[in-house]
Structure formats: structure tokens, C-alpha cells
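Every value quoted in this text rests on a predicted model; they were computed, and no experiment measured them.
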Amino acid sequence: MLDHYQAKVTGAEICKGGPLNLTFTGDAVLLVEPDDRYEAFTVAGELPSTSRRFLFVAVPGGVLACW
């Protein structure tokens with residue numbers, strides 16, 4: 001992952017059941033699977049056209065919480 005430290009994310013997808021799939025420049029891919037005991041990932045940001053913030057948390061068991 002250090003090779004992609006400041007790489008640009010070209011695609012992001014949170015699939016049903018909880019996995020996160022990130023694609024970077026150069027076609028590198030990071031897949032984060034859900035976990036039964038721990039929060040697997042958190043994604044936070046802001047939509048540029050509306051300044052609306054979002055937060056997604058993959059809670060244990062593959063459930064996705066959204067704010």
C-alpha cells in the first residue's frame with residue numbers, strides 16, 4: 001500500500017453485504033471485506049457540488065451504517 005500512498009482514487013464502490021472496493025490510478029485495487037467482530041472500514045467525505053457530508057461505517061457482520 002505504501003506504493004499507493006498518494007495515488008488518486010478513480011473508483012469507489014460499497015457493495016451489498018459490506019465489501020469496499022477502491023480503484024486507483026494505474027488500475028491498482030484495494031478490496032476490504034466485512035468482518036464479523038470489528039468495523040472493517042470507515043469512509044467519510046463531502047460531495048463537492050453540494051458541500052453535503054457523508055459517513056459510511058462497515059459495522060460488524062457486513063452491515064453498512066450511513067450518516
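- Between the side chain of Thr23 and the main chain of Thr10, no donor-acceptor pair closer than 3.5 Å is present.
- Identified under the salt bridge (Lys or Arg N to Asp or Glu O under 4.0 Å) test for residues 4-16, with sequence neighbours left out: none.
- Closest of all the heavy-atom pairs between Ala58 and Gly18 is CB-O, 4.4 Å.
- Residues Ala12 and Leu22 approach most closely at CB-CD2, 3.6 Å, considering heavy atoms.
- Shortest non-hydrogen contact noted between Val32 and Ala40 is CG1-O, 3.7 Å.
- The stretch residues 56-67 participates, sequence neighbours left out, in no salt bridge (Lys or Arg N to Asp or Glu O under 4.0 Å) pair at all.
- Val29 belongs to no multi-residue hydrophobic cluster, having no ILVMFWY side-chain contact under 4.5 Å with any other such residue.
- Both Leu64 and Leu47 are assigned to one and the same hydrophobic cluster, defined by single-linkage of ILVMFWY side chains at heavy-atom distances under 4.5 Å.
- Within the 4.5 Å cutoff, the side chain of Phe56 has no heavy atoms near those of the Leu20 side chain.
- Residue pairs meeting the salt bridge (Lys or Arg N to Asp or Glu O under 4.0 Å) criterion with at least one partner in residues 41-52, sequence neighbours excluded, are Glu46-Arg53.
- For the side-chain contact (heavy atoms from CB on, under 4.5 Å) test, no residue two or more places apart in sequence or in another chain qualifies with Ser49.
- Legend: salt bridge (Lys or Arg N to Asp or Glu O under 4.0 Å) pairs involving residues 56-67, not counting sequence neighbours: none detected.
- Here Tyr5 sits alone; no ILVMFWY side chain lies under 4.5 Å from its own, so it joins no hydrophobic cluster.
- Every residue two or more places apart in sequence or in another chain that forms a side-chain contact (heavy atoms from CB on, under 4.5 Å) with Pro19 is listed here: Cys15, Leu31, Glu33, Pro34.
- Through chains of ILVMFWY side-chain contacts below 4.5 Å, Val57 is grouped with Leu55, Val59, Val63, Trp67.
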